[in-house]
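Down below is the structure, laid out as structure tokens.
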Amino acid sequence: MDISFNPIQSIDKAMRLLFKNDAELSQQFTNSFDPIIRAADPKFADFQANGILPLAKKNRLNPVQLANDVCKKLLDSQAIDSSLFEISVAGPGFINFKLKAAYLSRWLENFSSTKAIQQETSQWLNKEVTVIDFPSANTAKQAHIGHLRPMVIGESIARILEFSGASIIRDNHIGDWGTNFGTLIMILKEKGIHVTDFTNPAEALELIDSLYKEGTKLENNNPELRNVSRNELLKLQNGDTENTYIWQSIIDVSNQAFEKLFEQLDVKIDYTLGESFYKDKVSRVYDELSSLEIAEESDGALVVWHNEIKKFAKDNKRPFPFNIRKKDGASNYASTDLATILYRIEHFKAKSVIYLTDSRQQDHFEQLFLTTKKWFQKKDYPLPKLKHVWWGTILGIDNKPIKTKSGESIKLQSLLDEAIERALKVVREKNPELPLDEQNEIAKAVGIGALKYVDLSSNRTQDYVFDWDRMLSFDGNTAPYLLYVIARINSIFRKAELNLSDSSLSNYFEVQSLYEIQLARKLIQFPITLNQTLSDLRPHFLSTYLFDLAGVFNNFYNNEKVIDSNPSIQQRRLSLCHRTHTVLSTGLKLLGITTVERM
RNA sequence: GGGGGCGUAGCUCAGUUGGAUAGAGCAACGGUUUUCUAAACCGUAGGUCACAGGUUCGAGCCCUGUCGCCCCUGCCA
């Protein structure tokens, strides 16, 4: 039997083969058998097969007796190697699989580094070309707390997909072609502000933001101005040189300001193709969907009905069509999103497209995907996998969407600054002797890490309550707690005067004590966690695991002395520290969190 | 009206896709350090899984109904 990266796969395979090859079993149970292998509660075993129970039920057999028979056959046929697994029947008819020290030790030898682990995980997605649509912020507006989740969740998911072998294209689909530009151009001209005066992007964006608010206010008081704005927008859309220049300058400023935030949050972007990029590509969408009779006119607009879905059906009491061209003939985000999918398959050859937005856009994407399927099928275009990854709202302590005291949305930059500032305060308190620049570096990693981790550690489809004290606490499921474990491990290696990259650490060693074995068993769960995280694109599965692992490690750390006079004991415990470091730092990296040497 | 999400310990959240006696952290109480970072660890206490039915060997999870909260629901994205 191989020492496989994911033991569930070996057990599953062994059991299926037994049912296929064993004369008695194959005769008695002619249909294919699903062993249903799951990770077990560690107090019972590492894995358990649940599949015997439904099988016994279906065939009116005693489940415990059947489980015992299967168990015996697994050992007799050597489908399960008894030197690697301890198997037993438990409860109403589960088969428990406990990994023996030999399995644990061999696994830790085979998958000792991030590179070795990635060699396995990178086969999962087979270089599938995947466009990930994030963080897709608005332009001409300052980033606020609402932009945090798309950046944090998007970056993490992109990293997880990449680590799992996808060929990732990060496409920042910005909203750069809205009606707000008419108002902006109007007010800039009205006040005689020249975009050439812009120097600092963040400041310029703040100005633009406030000018927009001023502009809409003026329009409300003076309807004449609304016509002026509308006219400026029309000129922009018709390619007027001056307005195009102003528009482009605003976009540039906006992108530069966001770029600065991406840098601080360690977000990487491959392309920034906004809605304006697709403005000359929407007519093909109208033409094709019209001539295929997928789209039709309704109240002057061009819309798509999906009669198979009640809420999108034409005869629904409250009609809710997919509006792909407004009645004034202008495009909207449905039109550009459709043009974008086409571009992504034709230009990027995308096999999969993943959209990241908040929960409120679920209907839009359901309609978008339905429309795309019908359209691509009729045209024989290759249909990519389409997935909408969405999340809930960040709430304040009052359980309402978080706002400043004056009721405005919190600026993202001030949020980051506050996180770092709060972290710095704690670092100074705990470690005043560290050099100042290192204190600052730690504060940055811990502060930003805490902010990101809190966003990733709860189930993304739920709202969560934002609480500074909790996220920066060093107890509980937080970034500081995890980063501290890494710092402790680094400290041990400094004391042992050994480098974490020392080749002796990747050698075979036999786990022995209770705490060593507990830690090894937890480490081996990493592929299962990662696989689960990937299948649902929910990073909190990974963070929960890392928190558990950190707890098991701390237990080991508190009970077993690593630096030991016996060199073989010290060697194997250092190796376990090294593996923990590998898994923790790999996991945190996949969450987009920067680790520190000391804290 | 329709749709989506949610309801689990005082608080904040998990719960491996239907498995064994429902778990963490915080807060409360008690304990552990001449020893690798105590920013740690261990223990105690805390539950009618909103409520009522149903499906089955087995339900926090699936189905039906009820109650409550949040969000979306034709030309913003």
Side-chain angles (χ1 to χ4, degrees), chain A residues 36 38-41 43-44 48 50 53-54 56-57 63 90-94 96 136 138 173 175 178-180 275 298-303 309-312 316-328 330 332-334 336-337 357-364 366 390 392-393 395 399-401 426-427 429-431 446 457-459 461-465 467 469-470 473-478 480-481 483-485 487-496 525 528-529 531-532 535-536 540-541 543-545 547-548 551 554-555 557-564 573 577 598-599:
Chain A
I36 317 181
R38 296 286 135 86
D41 186 325
K43 66 182 171 230
F44 299 124
Q48 61 187 65
N50 296 339
L53 281 137
K57 171 72 183 163
F94 308 121
N96 281 349
S136 310
N138 297 335
H173 190 73
T179 45
N180 53 332
E275 286 163 4
S298 171
D299 286 346
L302 190 62
V303 306
I309 308 284
K310 203 180 147 202
K311 63 180 169 178
F312 302 136
N316 195 34
K317 271 184 220 156
R318 285 168 68 162
F320 184 23
F322 192 47
N323 190 339
I324 66 167
R325 188 181 61 203
K326 299 196 277 185
K327 69 176 170 194
D328 64 5
N332 60 9
Y333 79 137
T336 47
D337 272 358
T357 79
D358 69 32
S359 63
R360 293 174 299 185
Q361 296 191 36
Q362 288 174 84
D363 283 337
H364 169 74
E366 201 180 340
W390 54 274
T393 312
L395 306 175
N399 268 313
K400 287 182 182 153
V426 187
V427 174
E429 207 175 280
K430 301 281 182 190
N431 264 323
V446 172
S457 59
S458 65
N459 191 344
T461 53
Q462 310 244 58
D463 298 347
Y464 74 87
V465 176
D467 182 341
D469 292 333
R470 189 173 299 128
S473 162
F474 303 88
D475 299 305
N477 191 6
T478 66
Y481 177 79
L483 292 172
Y484 178 61
V485 171
R488 270 182 150 178
I489 294 174
N490 290 333
S491 174
I492 294 170
F493 279 89
R494 277 197 302 273
K495 179 102 178 179
Q525 302 281 335
I528 294 150
T529 302
N531 196 24
Q532 192 193 357
S535 70
D536 232 7
H540 82 285
F541 289 138
S543 40
T544 303
Y545 166 80
F547 174 58
D548 287 347
N554 276 331
N555 212 318
Y557 177 92
N558 273 279
N559 286 286
E560 310 272 37
K561 194 85 182 138
V562 177
I563 310 287
D564 197 282
R573 291 190 181 159
C577 288
R598 298 189 282 189
M599 62 187 283

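Chain naming here is simple, since letters A, B, ... match the order of the sequence lines and numbering starts at 1 in each. All values reported here derive from a predicted model rather than from experimental measurement.
rG30(B) and rC42(B) make up a base pair, with Watson-Crick or G-U wobble contacts both under 3.5 Å. Pairing for rG74(B) is absent, with no Watson-Crick or G-U wobble pair whose two atom distances lie under 3.5 Å. With a cut-off of 3.5 Å on both pairing distances, rA14(B) has no Watson-Crick or G-U wobble partner at all. The partner of rG19(B) is rC57(B), judged by Watson-Crick or G-U wobble contacts that both fall below 3.5 Å. Across all strands shown, the partner of rU66(B) is rA50(B), judged by Watson-Crick or G-U wobble contacts whose two distances both fall under 3.5 Å.
Counting any heavy atom pair closer than 4.0 Å across all strands shown, D337(A) reaches no nucleic acid atom. Among the atoms of the strands shown, only primed sugar atoms or phosphate atoms (P, OP1, OP2) are found under 4.0 Å from some heavy atom of F547(A). D328(A) comes within contact range of no nucleotide atom at all, as no heavy-atom separation falls under 4.0 Å. Contacts of Q361(A) with the nucleic acid, taken as non-hydrogen atoms under 4.0 Å apart, include base atoms.
Under 3.5 Å, the side chain of Y484(A) and the base of rA39(B) form no donor-acceptor pair of N or O atoms. Side-chain atoms of N323(A) come within donor-acceptor range of the base of rC75(B), with a qualifying N/O pair under 3.5 Å. No N or O donor and acceptor, one from the side chain of T478(A) and one from the base of rG25(B), sit under 3.5 Å apart. In this model, no side-chain donor or acceptor of N559(A) finds a partner on the base of rA40(B) within 3.5 Å. The base of rA77(B) lies outside donor-acceptor range of the side chain of E275(A), with no N or O pair under 3.5 Å.
Summarising the geometry, the separation between CZ on R488(A) and C1' on rC41(B) is reported as 8 Å, rounded to the nearest angstrom. Put simply, CG on D467(A) is 8 Å from C1' on rU12(B), counting in whole angstrom units. Atom NZ of K311(A) and atom P of rG2(B) are 13 Å apart (whole Å).
Of the candidate nucleotides rC41(B), rC36(B), rG1(B), rG1(B) has the atom lying nearest to any side-chain atom of R318(A). With rG19(B), rA40(B), rC13(B) as the choices, the nucleotide that has an atom nearest any side-chain atom of D475(A) turns out to be rA40(B). If you check rG19(B), rU12(B), rA14(B) against the side chain of R470(A), the one that comes closest is rU12(B). Here the nucleotide nearest the side chain of L53(A), chosen from rG19(B), rG15(B), rC36(B), is rG19(B). Comparing rG74(B), rA20(B), rC36(B) by their nearest atom to the side chain of F44(A) picks out rA20(B). Counting only heavy atoms from C-beta on, K561(A) has its side chain closest to rC36(B) among rC36(B), rC72(B), rC13(B). Nearest to the side-chain atoms of Q362(A) among the listed nucleotides rC75(B), rG4(B), rA38(B) stands rG4(B).
Annotation: of the two residues near RNA chain B, K430(A) and L395(A), the 5′-most nearest-nucleotide partner is L395(A). Heavy-atom distances to RNA chain B give each of K317(A) and A334(A) a nearest nucleotide, and the one nearer the 5′ end belongs to K317(A).
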* With side-chain hydrogen bond (donor to acceptor under 3.5 Å, both in side chains) as the test, would you mind laying out the steps for N555(A) and N559(A) before giving the verdict? => CA-CA 6 Å; N555(A) 212 318; N559(A) 286 286; 3.0 Å; yes
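Note: Y481(A) and F547(A) meet the aromatic proximity criterion, with ring centroids under 6.0 Å apart.
Between F322(A) and H364(A), the two ring planes are tilted [angle within 30° to 60°].
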